[in-house]
Amino acid sequence: MKTIDDLATEGVAGKRIFVRADLNVPLDGTTITDDGRIRAVQPTIAKLAALGAKVIVASHLGRPKGAPDPAFSLAPAARRLGELLGQDVAFATDTVGESAQAVVASLADGQVAVLENLRFNAGETSKDDAERGAFADQLAALAELYVGDGFGAVHRKHASVYDLPKRLPHAAGGLIATEVGVLKKLTEDVKRPYVVVLGGAKVSDKLAVIDQLLEKADRILVGGGMAYTFLKAKGHEVGISLLQEDQVPVCLRYLAEAEKRGVEFVLPVDVLVSPEFPDLKGKTPANPTTVASDAIPADQEGLDIGPKTRELYAAKLADAGTVFWNGPMGVFEHPDFANGTKAVAQGLLDSPAFTVVGGGDSAAAVRLLGFDENAFGHISTGGGASLEYLEGKTLPGLAALED
């Protein structure tokens, strides 16, 4: 896979380079609440600009319905990118129309522009190859080279991710090169014990990766909403906790398979419960109760792992050689239910292991809860992409860059 280091050797001064980034940041109105993904791709953009390239940055944001929607504009991300780069960043108010063409034509060497949200064009996400290809043709007309650096989107067969690099000379950006290198450490050359921490809402979101990890991991620690389906599978009352009843048989199979393979499959021994879901806006105190995981009241909802489980999970991380963490342990956005996720994050920091935070809510939690990002081995920018890589799937965006 060619990288931007190869492009630097070949020379890119004066060339128009299309950088497919991942600027899909959370917004509160027009305020960015977590700029981690912008900061992650900034070094690639800065390097290309310093080499004298004319840099055209493109990304998706949210899930607009193939048409312009002000709520999903990339304008705030463009402004933040300019602040991080320390230079003005031009912004095109469309993707391939008059504004985009004019902004790209006006770029001088070393300047940067951001196009409006790619998903404002239906061709970006179309399942029809011809429609997607037609949009990729329009994007290709804007540039001479392509750099893929939006790791959070490489598992999508979208026009700017999959079709566009087939139309232009291409290379991987620094972020993608780093992400792939880290994921290889989780699949090809793992230092043991290999401990995996899985959380988040749904078991169904993690089915394929659990299948793979049962063959590779030494321990799997489970928290978050998905834990209650496993607890139900063990015959425990889970009250009004998040539950995927149809996945109970699958959870039973996983528990049996883990025992057969000698993989420690660790579930919460206590949980924090409340009669209702907490107020995440006003952060009104929820006054939770701690109960044993096999004694959840029928009218209560489990919303975080309890103090005994926090201690247990920290102990299970203490001697690890490698740790992969994907998914919070509870409703970390509320202070009353953040301690489980905090404990796991701290457990990673205290462990001598090579630690990988698998993007998505886990990465957001690390930043929201005030941890030093640089203290972890790696914080991924792509939760879904990381999981699919670990599942052994071919990721369209990576395959296109490898051609």
Side-chain angles (χ1 to χ4, degrees), residues 24 26 62-63 152-153 155-156 195-214 216-217 219-258 263 265-268 271-274 276-278 280 288 293-294 296 300-306 309 313 324-334 337-338 340-341 344-345 356-366 368 380-393 395:
N24 184 30
R63 297 180 182 274
H155 58 315
R156 306 295 188 191
V195 183
V196 176
V197 186
L198 295 177
K202 296 180 179 179
V203 174
S204 56
D205 292 340
K206 305 289 197 303
L207 292 179
V209 77
I210 294 174
D211 271 328
Q212 291 294 317
L213 291 170
L214 283 171
K216 297 181 174 71
R219 296 177 198 139
I220 299 176
L221 317 181
V222 177
M226 64 183 288
Y228 301 102
T229 303
F230 279 100
L231 292 172
K232 183 73 172 181
K234 295 194 75 172
H236 301 325
E237 169 67 57
V238 297
I240 56 173
S241 306
L242 188 63
L243 173 66
Q244 288 185 285
E245 191 81 49
D246 61 325
Q247 300 299 325
V248 167
V250 180
C251 290
L252 278 170
R253 178 169 63 82
Y254 285 148
L255 293 169
E257 185 68 18
V263 176
F265 206 102
V266 190
L267 297 174
V271 297
L272 268 62
V273 299
S274 175
E276 59 185 7
F277 197 82
L280 298 184
S293 59
D294 61 356
I296 299 174
Q300 301 277 310
E301 179 176 10
L303 294 166
D304 194 14
I305 58 174
T309 305
Y313 285 12
F324 174 70
W325 171 31
N326 181 275
M329 296 294 98
V331 186
F332 69 91
E333 301 92 340
H334 192 285
F337 303 103
T341 302
V344 166
V356 179
V357 180
D361 284 343
S362 308
V366 163
L368 180 67
S380 178
T381 56
S386 295
L387 289 177
E388 291 198 16
Y389 189 100
L390 294 179
E391 290 165 19
K393 290 183 178 180
L395 306 187

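A quick note: this is a predicted structure, and the numbers were derived from the prediction, not measured. We count residues from 1, following the sequence as given.
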Exercise for review: Kindly write out the residues that satisfy ring pair (Phe, Tyr, Trp, His ring centres under 6.0 Å) with H155, not counting sequence neighbours, or none if the list is empty.
Suggested key: none
Check your understanding: Of the non-hydrogen atoms in P268 and L231, which two are nearest, and what is the gap between them?
Key -> O-CD2, 4.1 Å
Review point. Between CZ of F337 and CD of E301, what distance do you get to the nearest 0.5 Å?
Key: 8.5 Å
Practice item. Indicate yes or no for a side-chain donor-acceptor contact from Y254 to the backbone of L207 under 3.5 Å, with no hydrogens or angles considered. Key: yes
Practice item. Please test L267 against H236 for side-chain contact (heavy atoms from CB on, under 4.5 Å), starting from the C-alpha separation and ending with a verdict. Key: CA-CA 12 Å; L267 297 174; H236 301 325; over 6 Å; no
**Study point:** Where at least one partner belongs to residues 199-214, residue pairs that pass salt bridge (Lys or Arg N to Asp or Glu O under 4.0 Å), sequence neighbours excluded
**Key:** D211-R253
Revision key, fill the gap. Looking only at heavy atoms, the pair that brings V238 and K232 closest together is CG1-N, 3.9 Å
Point to revise | Candidate pair Y228 and I240, rule side-chain contact (heavy atoms from CB on, under 4.5 Å), full reasoning | key: CA-CA 10 Å; Y228 301 102; I240 56 173; over 6 Å; no
Check your understanding: Taking all non-hydrogen atoms of both residues, which atom of G358 and which atom of N326 are closest, and how far apart?
Key -> O-ND2, 2.8 Å
Check your understanding: From L390 CG over to I210 CD1, what is the distance, rounded to the nearest 0.5 angstrom?
Key -> 12.5 Å
Exercise for review: Supply the atom-to-atom distance L213 CG to E391 CD, rounded to the nearest 0.5 angstrom.
Suggested key: 9.0 Å
Review point. Would you find a donor on one side and an acceptor on the other, under 3.5 Å apart, between the side chain of S241 and the backbone of G302?
Key: yes
Exercise for review: Indicate yes or no for a side-chain donor-acceptor contact from T341 to the backbone of P328 under 3.5 Å, with no hydrogens or angles considered.
Suggested key: no
Study note, to complete from the structure: Of all heavy-atom pairs linking D361 and F332, the shortest is O-CZ, 3.8 Å
Exercise for review: In sequence, state the C-alpha distance, the side-chain angles, and the governing distance for T229 and V248, and then conclude on side-chain contact (heavy atoms from CB on, under 4.5 Å).
Suggested key: CA-CA 6 Å; T229 303; V248 167; 4.1 Å; yes
Practice item. Measure from the side-chain N and O atoms of S380 to the backbone N and O of V357, and report whether any donor-acceptor pair falls under 3.5 Å. Key: no
Exercise for review: Please report the closest heavy-atom contact between L272 and P288, naming both atoms and the distance.
Suggested key: CD2-CG, 4.0 Å
Exercise for review: Could you pull out the closest heavy-atom pair between M329 and D304, with the gap in Å?
Suggested key: O-OD1, 3.5 Å
Exercise for review: Would you confirm whether Q244, through its side chain, and S204, through its main-chain N or O, come within 3.5 Å as a donor-acceptor pair?
Suggested key: yes
Check your understanding: Hey, is the main chain of V222 close enough, under 3.5 Å, to the side chain of Y313 for a donor-acceptor pair?
Key -> yes
Practice item. For E388 and L395, run side-chain contact (heavy atoms from CB on, under 4.5 Å): C-alpha distance rounded to whole Å, both residues' side-chain angles, the deciding distance at 0.1 Å, then the answer. Key: CA-CA 7 Å; E388 291 198 16; L395 306 187; 3.7 Å; yes
Point to revise | With sequence neighbours excluded, residues passing ring pair (Phe, Tyr, Trp, His ring centres under 6.0 Å) with F230 | key: F265
